[in-house]
Amino acid sequence: MLAVWVDQLLGFASGALAAIRQDERYPTLMRWAREEGPGRVGGDKTLAQALAPELWSQTPLERLGFACEQLARPGRNEPCWCDSGRKMKQCCGAVNLPGHLPPHLMWMLSLREWKGSTLKAALASGRAPAQALLEAGLIAAESGQRGRAQQILESLFDNSDWDRLPEQAEPAFEILLDLFQERGFYRKREALLDEVLERGPMFLRGVALERLCLMHLDNDDLDSARSAFVRAQQALPDSPTLAYVEAMLLLHEGNEEEAVERSRFWLRRLTRRGDLDPDQLQFLADLADNPGATLADQLLSAEEDLGDALVGLQTLLAELTPPPPIKVEQQDGELVYRSTAREDTFFAEFQEGFEIEIDPDATMGFLGDPWVNAGQWLPALCSNPEQLDSPAVLQSVALALTSRFGSLPWMAPSLLEPLAERLERWLIQVRQAGDGPLSWDRADNVQLLRAGLALVVGMERGSRQHSRELAELLLSLDSGDSLGLRELVLDQLLREGRNDEALEMSQQALASATGDEEMPLLGMYMGQVLALYRLGKLDEAASALERARRHNGHAIMLLCADNPRPASVAPNTGAEVDPGTRAEAWQYRTLMRDQWRNTPGALDWLSSASRN
């Protein structure tokens, strides 16, 4: 019965609203209610007449600046407000509505109907009930009307009276943040987060902190992500989302064992509460068993259009047989790879579905978005795995996967490591072909080098050791480091606590770069300082710190500050930063401050040394 009433009510209210909008006069509505209204409520004329005045009183009217013209409810012995001429107790007062009548219904339907300047004016009036804004915004979002959804949901949260928000506003808040992200309104997203964190209700502050943590993870700013997570814990200590966020954070930090331990802690803690549904408990159990695999499965299941194809690719890569040798020769003291006719044929077949060309002027990049056509090339590749015998195909696939999944540590083992193993077989074959460098601009060498760079970057977070080993293999073939891999290897050595090797690498790199003021060497300078400090060589560390300060005067201040003002360049954008600039210092901070903070006494020493 309730479902029938809801359907009847929505149908009647929609028809009533159309009648009201003809001239926004009460008699027009009542005429419609008597003539057409009964057909919307199962032929019940008395119900139609009783509903109409209730709906009129909650309908916003443009002629009144979107206020409602509420009718005074008659007394039992007064004339009925439906203008039937009978007493209220003998007319509408004797009708019992079959179910609840939401007081915001006509506002919600109006928000769904209005467009352009009318919608804008209605929202600006500030008269719309919060529940109406919430429901209309969610309906617009679900139906793909992103602009309308953003406009309505912005109005919901654009109010200093946070107490008026219904608790169901949490999903609307997350949807609005997603809309800002998808549509490029980054400043609005940041402003909303700041507003909620400063003045919002507690249930939204926790969500905002969780989202802030994820944003920092996307930007590789692990230190800020950790800070946001701690604040989220304090705001909502029993939120199940925190288990998911902390697992992500720990995997980004390279702490796989701790991610398992903390996931088990959350499972025990939240299970004792007894208020989680079976799906939530199963997710927590899976997370405790294998955080990386669980997060990877969750991501693939969220890929509505490509989930099956990506799972197919995982299966294909897990079962790949070793590739055949490639054609390598030594020419003029250099190593040269040339593609064969078979490899060219495979690449041509692959490119029919892939379509997007690689940017020849970039070390990593396409002249378009390869994921637009992923519904074509992913299934085709799974059906023709022999195409991966072509380094050109492997290059395109590695670049595409890194561009989409390279910032997610849990995706590296199943999608990137199998490709890296395939490439390594070819690189070892190149190394065995003789002495000499594998130069970027000779023959088809770029296919191997660009694929290698993409895989090193893509595995850096989720398969650190494999990433470093591949980078070192590439460096052995490219001693001039045209790919800029030394700094990446140095960072990984420091994360693994291999401080002697990190010191040796930094010294070699800085010695070879003497006099080149254009090289981005801040990571080498500061890596040398951190390695010396960890090795207890404080005098040498102080001297190295002075050299780093001469290179970039912003670095020490940004490293020591807890909440400095961000620079405009984020580390995962791929944008070049000029040596000596604040942007260079900020980029180093976001990538490596967690290592300084996790080294006992390092930041205090750095702050003290900078004052001497």
Side-chain angles (χ1 to χ4, degrees), residues 290 292-293 296-297 300 306-329 335-354 358 370 374-402 404-406 410-433 438 443-459 462-463 465-474 476-477:
N290 189 328
D297 289 344
L300 293 181
L306 298 177
D308 291 342
L310 287 167
V311 170
L313 180 63
Q314 281 184 319
T315 303
L316 164 65
L317 294 176
E319 299 172 351
L320 273 181
T321 56
I326 57 175
K327 181 181 178 181
V328 183
E329 56 191 14
L335 297 168
V336 177
Y337 155 66
R338 298 185 191 280
S339 64
T340 63
R342 178 176 181 268
E343 293 163 359
D344 291 341
T345 299
F346 285 149
F347 179 67
E349 293 172 352
F350 171 79
Q351 197 64 17
E352 286 181 9
F354 195 77
I358 289 175
Q376 300 175 40
W377 65 262
L378 268 175
L381 180 63
C382 292
S383 299
N384 301 278
E386 66 278 1
Q387 291 177 353
L388 285 170
D389 290 347
S390 164
V393 173
L394 188 143
Q395 173 191 214
S396 294
V397 174
L399 282 169
L401 292 175
T402 292
R404 191 176 182 105
F405 303 114
W410 42 91
M411 300 307 295
S414 62
L415 291 181
L416 299 175
E417 284 203 79
L419 294 178
E421 292 169 1
R422 197 169 193 79
L423 178 66
E424 284 164 338
R425 288 180 175 270
W426 288 330
L427 294 178
I428 291 171
Q429 181 191 341
V430 173
R431 178 73 287 162
Q432 294 171 344
L438 185 72
D444 297 311
N445 291 354
V446 65
Q447 296 175 11
L448 301 173
L449 293 171
R450 188 182 275 121
L453 177 61
L455 292 167
V456 167
V457 172
M459 296 190 302
S463 304
Q465 181 176 346
H466 200 165
S467 174
R468 176 179 51 76
E469 291 170 351
L470 177 56
E472 290 173 343
L473 177 56
L474 288 165
S476 73
L477 294 166

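For the single chain, residues carry numbers from 1 onward in sequence order. Nothing here was measured: the structure is a model prediction, and the numbers come from that model. Computed over heavy atoms, backbone and side chain alike; hydrogens, waters and symmetry mates excluded.
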Judged by atom type as modelled, is there a donor-acceptor pair below 3.5 Å linking the side chain of N445 to the main-chain atoms of Y337?
yes
Atom pair OG1/CD of T321 and E386 - distance to nearest 0.5 Å
10.0 Å
Using 0.5 Å steps for rounding, measure from the CG atom of L448 to the CG atom of L394.
9.0 Å
I need the single residue from L449, L455, V457 that forms a side-chain contact (heavy atoms from CB on, under 4.5 Å) with L453. Which is it?
V457
salt_bridge(E343, K327) N-O dist < 4.0 Å:
no
Gap between atom CD1 of I326 and atom OG1 of T340 - 0.5 Å precision
9.5 Å
Looking only at heavy atoms, what is the nearest atom pair of A471 and V456, with distance?
N-CG2, 3.7 Å
Under the 3.5 angstrom rule, does the side chain of R422 hit a backbone N or O of L388 as a donor-acceptor pair?
yes
Distance in Å, F350 CZ paired with S396 OG, rounded so as to fall on 0.5 Å steps
5.0 Å
Atom pairs and distances, side-chain donor-acceptor, residues 411-421, under 3.5 Å, sequence neighbours left out:
unit_1 : atom_1 : unit_2 : atom_2 : d
S414   : OG     : Q314   : NE2    : 2.8
E417   : OE1    : H466   : ND1    : 2.6
E417   : OE2    : S463   : OG     : 3.0

Separation between CZ of F405 and CH2 of W410, rounded to the nearest 0.5 Å
12.0 Å
Value for CZ (R450) from CD1 (I358), rounded to nearest 0.5 Å, stands at 5.5 Å
Salt bridge (charged side-chain N to carboxylate O under 4.0 Å, His left out) against D297, all qualifying residues, sequence neighbours excluded
none
Note: S476 and L473 closest approach over all heavy atoms is OG-O, 2.5 Å
Would you name the heavy atoms of R342 and D389 that are closest together and state the gap between them?
NH2-OD2, 3.1 Å
List for me each residue that meets side chain to side chain donor-acceptor pair (under 3.5 Å) alongside Q447, sequence neighbours excluded, and say none if there are none.
none
Any sub-3.5 Å donor-acceptor pair from S390's side-chain atoms to F346's backbone N or O?
no
Applying salt bridge (charged side-chain N to carboxylate O under 4.0 Å, His left out), can you list everything that pairs with R425, at least two apart in sequence or on another chain?
none
Should E329 and R338 count as side-chain neighbours, where that means a heavy-atom distance under 4.5 Å?
yes
Under the salt bridge (charged side-chain N to carboxylate O under 4.0 Å, His left out) test, which residues partner E472, sequence neighbours left out?
R468
Restricting to side chain to side chain donor-acceptor pair (under 3.5 Å), what partner residues turn up for D308, sequence neighbours left out?
none
L399 and A454: which non-hydrogen atoms are nearest, and at how many Å?
CD2-CB, 3.7 Å
Residues V336 and A443: closest non-hydrogen pair is CG1-CB, 3.2 Å
Considering all heavy atoms of both residues, which atom of W377 and which atom of G353 are nearest to each other, and what is their separation?
CB-C, 3.9 Å
Under 3.5 Å, is there a donor-acceptor pair between the side chain of D444 and the main chain of S339?
yes
